[in-house]
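Report on one structure; see the data block that follows.
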Amino acid sequence: MSGAGSGWDELFATALVGTDRRPPPEAMEGAGSEATLLDRVAVLTACRRAGWVPPRSTDPAPPAPDDDSPLCSPAAAQVLSLLIEGEVRIPGGPTAIIEEWFRRAAESGRRCPARLLPAVLDFGARLPDLGNLVSVAIGARGRWLAQRNPDWSALAATAGAGAGAGAGADELETLFATASRTERSAILGAARRRDPDRGRELLDSTWATDGAADRASLLAALEPSLSEADESFLESVLDDRAKSVREVANRLLDRLPTSRRAARMAARLRPLVAVSGTFRRKLEVEWPGEPDASARRDGSTDKTVAGFGLKASWLLQLVAAAPLSFWPEVTGLAPGDLVVLAKGRAELIEGWSRAAVAQRNAAWANALFQHRPSADLLAAMGPAEARAAVQAALSIKGVQAPLLMNLLRATPGPWSPELSEAAVRRVHAAPRPLAFAAAPVFAARLDPSVAQLVEKWTDELADDPAVGREVTAIQHALSIRHTIAEEFR
Amino acid sequence: MPKGRWTVERVLSLAPDPSSAKAARRLQSPRTWSQLGTTSTLVWGRCQGSGKEPYQVTVDLTGPAFKCSCPSRKFPCKHGLALLLMWAAGDGSVADASDPAEFASEWAGRRAERATTAARKPSSTEPADAEAQARRLAQRIDTMSAGIDDFERWLFDIARQGLVASRRQPFSFWDSAAARLVDAQLPGLADRVRAAGGAVHARSDWAEHLLGELCRWHLAVRGWRRRDQLDAALVADLRVVLGWGRRADEVVALNNLLTDRWQVVGRRLGDDGRLQSQRTWLVGERSGELAMLLDFAAAGAVLPVAQVVGTVIEGDVCFYPGSQPRRALLVEGSHVVGTASAVPGAAPIDDNLDAVATRLAANPWALRFPMAVAEAVAVVEDEGTVAVTDTSRRRLPLGPDADPWPLLALTGGRPADLFGEWEDGHLYPMSVAVDGELAAV
């Protein structure tokens, strides 16, 4: 159709302003200008629509690499789909069980089917801590897919070994020096995971010019993978201008009992500690005097700990920061004996508790736990020890509901059949509200072998439908976890 | 799993909403059920609910069609879904039987009766009624003609004032024109006028879009005036634009039947705020004919159970008059016979666009076209948009609300045959053939 292009532009211009202002070209026989315009435009529009040629596309990205890991079973896929789509009610949410699915899948080297990938990636993006597990379970295709969508970039990054993974040394330093604050935390974290020493050097590279707030937050990133190799750097930070930065350094040094600071703390304690008596031992620990400059540099403050006076707080700080090996060395007594002898000196117990957690000292944690069960101490024990300690605590009459719940929540799963049975019996016998509080923990960590015990519990709840529903939900969760275990055997 | 039974996923895809699926799963324990059984076409059982009498639940697999004595208004209800879930699981709870339970065979019998009477029933009007009908028809045509004349005057007003001026009009300008069209029994035009009024402020290409609509309305006016000289298919298309619908029994009476094995190649939902719609596309294995099933539901109501994408249905399809691709009804008595493994008629993008041009020439008011693209690859572009291309490297952008991730996940970025709808310069994928299976996307 010759001249169709310019014809269209004219007609379009006429249409925009209207035929009153701009008459259309050559009115047709017997037709008004409106009809003429519309007739012509109708024909041209049809031609334009029919003759439309799509533009060129860019070349598509390389397709996903072939997956070499086998698919999970259809039953496992179905369970995953149910959990991710939220179609089953799990007390406390499905996250913990989904985590378990991914962990078992990763361990048995199986991946989820392609059709579930978008939902899995959406889920994984909401929970960055699961990053590593998810990136194994999604297979090569899933990792390829994650890189295509900016919403899933966090997962793609984990798969690709972290932000700044491919960068050389100089590049990395420049990247670190010029990125935004949140990005720098991520880069430092990733670098620390790959090579802790390199990570520390990276932090050091900008230390002199960083502001106090940056120094404090980046220093805290040293905490995972903290080791004695970091001691020198941290010791030097104790002279930092900013209090917030020194506080972080002191907190980190709490975790290094072989550090110079720890030795200084021990030296401060030495003159205060004595053991008297031959037959019936007595432990005497005097209050320290006011902290001097060196002690203040090491973190001693006048800020009292809740429930303790000024001098007791000073002592507590020393005890919390001194290496736990000090006590048996100086007194010749084992942790268990020391804890017994310290009865009445709450600041000693509290100081030792903090030291046990910071120094990850299982022997002390156990001894303190025997004396007085507390959820914090469980973190210092290995998982099996923690489970054994809690199992013992469950049979102690004096352990009441709030403490019981804290203990159960802090006990890492999966629980042994014995611990599971003890926990179910204890909560079953406890007042009603405890069942609601316990349901999320039970759903995620009980060993599926106690399913029958839980079923018996349900049977007794006919007259209490609210609790009955909760416990039934626990049953369903256990059944799902049993399926997961079976399907990944 | 016993041969011929459905997968659990297939059953779950029939659930009208996620809470039904959840509820159905909870009902699966065999303790609440009795008298379970299945033949090759029926599944049945009795479910103890909260009432005194157990609910009688039957499923006719050839539909699928559900019958339950519970008071739920959902369709299918959780009991029907739960029954099918247990049947699909194949763990022996729903065993093969030679004779259905009485309540099941009674209902199946009544269904068969209704199917034959529906097929047999002509518009059985007596002579006196026929006269009244003719009068009503004449009246309707008069009303519509008057409405068309009025509409043309409104249309010409816009042509005189120009598009820019009409954009400055308040929404009542469009809304009252639409109301007049509804009064004149032209609801299809009314919908398009209202939509255009909204689009004028919502689209960056508003002028071109509005001009296109004005032309189509103008053609509708022209078409109406010359309707006696147009061929039947074009008149049928015109009736669709104007909104002069046809009842299902009218269509059946036209007897434009085609028997074939129909592959269900795609399903797409629509929602314009007032009405939900559901289009299901079928392709005949032997005839290669395309049929489009169209269901409606008012906002808040439940759409009828759709055919499952990827299944093959043996049965009769009854076509509406009109040009290709034609709307159709699936006649009762059709049943699933297998699964589809490929996209039928897949062709390069250029061929598909040629087909669009041909269809446009036949029906200038068509807005939506089926596309079967061979060796389609999804491309994620730098700005985050997604397009589909083939070996020719022509680019078809995906619709702004189309979800590209299921497509990318299933194909892994490799070429695969794809079926979708082409609308307003965008592609909306509905299914893709991977690993010998046709999967919905």
Side-chain angles (χ1 to χ4, degrees), chain A residues 11-12 14-22 24 32-35 37-39 41-46 48-67 74 78 81-82 85-89 114-118 121-122 140-142 144-145 148-150 476, chain B residues 7-9 12 18 21-22 25-26 155-166 207-208 211-212 214-219 222 349-350 353 356-358 360-361 364 377-382 384 387-389 393-397 403 405-406 408-415 425 434 439:
Chain A
L11 284 171
F12 191 65
T14 305
L16 279 176
V17 299
T19 57
D20 273 354
R21 274 193 209 87
R22 190 185 151 132
S33 45
E34 310 93 328
L37 173 68
L38 289 172
D39 281 346
V41 175
V43 172
L44 278 188
T45 306
R48 283 161 64 88
R49 269 180 89 193
W52 178 76
V53 174
R56 288 264 157 213
S57 162
T58 51
D59 282 326
D66 283 325
D67 268 300
Q78 199 185 339
S81 172
L82 287 180
E85 306 286 342
E87 290 176 19
V88 205
R89 190 189 152 252
R115 70 173 189 284
L116 291 181
L117 283 173
L121 287 170
D122 276 341
R141 182 173 293 192
W144 170 89
L145 195 64
R148 308 256 86 76
N149 186 351
H476 289 150
Chain B
T7 59
V8 170
E9 281 90 5
L12 289 175
K22 257 193 261 194
R25 258 190 282 266
R26 283 201 285 269
L155 204 52
F156 282 179
D157 266 346
I158 297 183
R160 278 194 301 278
Q161 311 276 11
L163 302 178
V164 175
S166 56
E208 276 209 30
L211 190 53
L214 292 174
C215 294
R216 284 187 278 276
W217 300 341
H218 179 64
L219 287 175
R222 282 241 186 245
I349 288 180
D350 279 340
L353 288 172
V356 169
T358 309
L360 210 44
V377 184
V379 180
V380 180
E381 294 155 338
D382 293 330
V388 157
T389 187
R393 287 286 174 269
R394 297 243 185 253
R395 175 186 177 271
L396 297 180
D403 183 7
W405 303 111
L408 281 165
L410 284 170
T411 57
R414 287 188 187 72
V434 276

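Chain naming here is simple, since letters A, B, ... match the order of the sequence lines and numbering starts at 1 in each. Bear in mind the structure is a predicted one, so any value in this text is a computation, not a measurement.
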key: Crowding at CZ, Arg21(A) (>12 non-hydrogen neighbours, <6.0 Å)   =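 Check fails, neighbour count at 12 or below.
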
Between chain A and each of [options], count heavy-atom pairs under 4.5 Å; write down the option with the most.
{"options": "Ala357(B), Gly413(B), Ala409(B), Ala378(B)", "value": "Ala409(B)"}
{"options": "Val379(B), Asp403(B), Val434(B)", "value": "Val379(B)"}
{"options": "Leu353(B), Asp382(B), Leu12(B)", "value": "Leu353(B)"}

Residues 59-67 of chain A side chain polar contacts: donor-acceptor under 3.5 Å, at least two apart:
unit_1: Asp59(A); atom_1: OD1; unit_2: Arg393(B); atom_2: NE; d: 2.7
unit_1: Asp66(A); atom_1: OD1; unit_2: Arg414(B); atom_2: NH2; d: 3.2
unit_1: Asp67(A); atom_1: OD1; unit_2: Ala140(A); atom_2: N; d: 2.5
unit_1: Asp67(A); atom_1: OD2; unit_2: Arg111(A); atom_2: NH1; d: 3.4
unit_1: Asp67(A); atom_1: OD2; unit_2: Arg141(A); atom_2: N; d: 3.4

[X] to [Y] - nearest heavy-atom pair and separation:
{"X": "Leu408(B)", "Y": "Trp144(A)", "result": "O-CZ3, 3.7 Å"}
{"X": "Arg148(A)", "Y": "Trp405(B)", "result": "O-CH2, 3.5 Å"}
{"X": "His218(B)", "Y": "Ala35(A)", "result": "NE2-O, 3.9 Å"}

Between [options], which shows the greatest number of heavy-atom pairs under 4.5 Å with chain B?
{"options": "Arg115(A), Glu85(A), Arg49(A), Arg48(A)", "result": "Arg49(A)"}
{"options": "Thr14(A), Leu37(A), Leu82(A)", "result": "Leu82(A)"}
{"options": "Ser81(A), Ala50(A), Ala114(A), Pro55(A)", "result": "Pro55(A)"}
{"options": "Leu117(A), Thr45(A), Leu16(A)", "result": "Leu16(A)"}

request  = Would you give the length of the straight line joining atom CG of Leu163(B) to atom CZ of Phe12(A), rounded to the nearest 0.5 angstrom?
outcome  =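 Interatomic distance, Leu163(B) CG to Phe12(A) CZ, rounded to 0.5 Å: 6.5 Å.
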
Tell me, for [X] versus chain A, whether the close heavy atoms (under 4.5 Å) come from the side chain, the backbone, both or neither.
{"X": "Val380(B)", "value": "side chain"}
{"X": "Leu410(B)", "value": "both"}
{"X": "Arg394(B)", "value": "both"}
{"X": "Thr411(B)", "value": "backbone"}
{"X": "Ala387(B)", "value": "neither"}

key: side chain to side chain contact (heavy atoms under 4.5 Å, CB included) between Arg222(B) and Asp39(A), worked out   = CA-CA 10 Å; Arg222(B) 282 241 186 245; Asp39(A) 281 346; 2.5 Å; yes

task = Under the side chain to side chain contact (heavy atoms under 4.5 Å, CB included) rule, what do Arg160(B) and Glu34(A) come out as? Steps first, then yes or no, please.
result = CA-CA 6 Å; Arg160(B) 278 194 301 278; Glu34(A) 310 93 328; 2.3 Å; yes

ask   = Tell me, side chain or backbone of Val17(A) under 4.5 Å from chain B's heavy atoms, or both, or neither?
value =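 Backbone only.
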
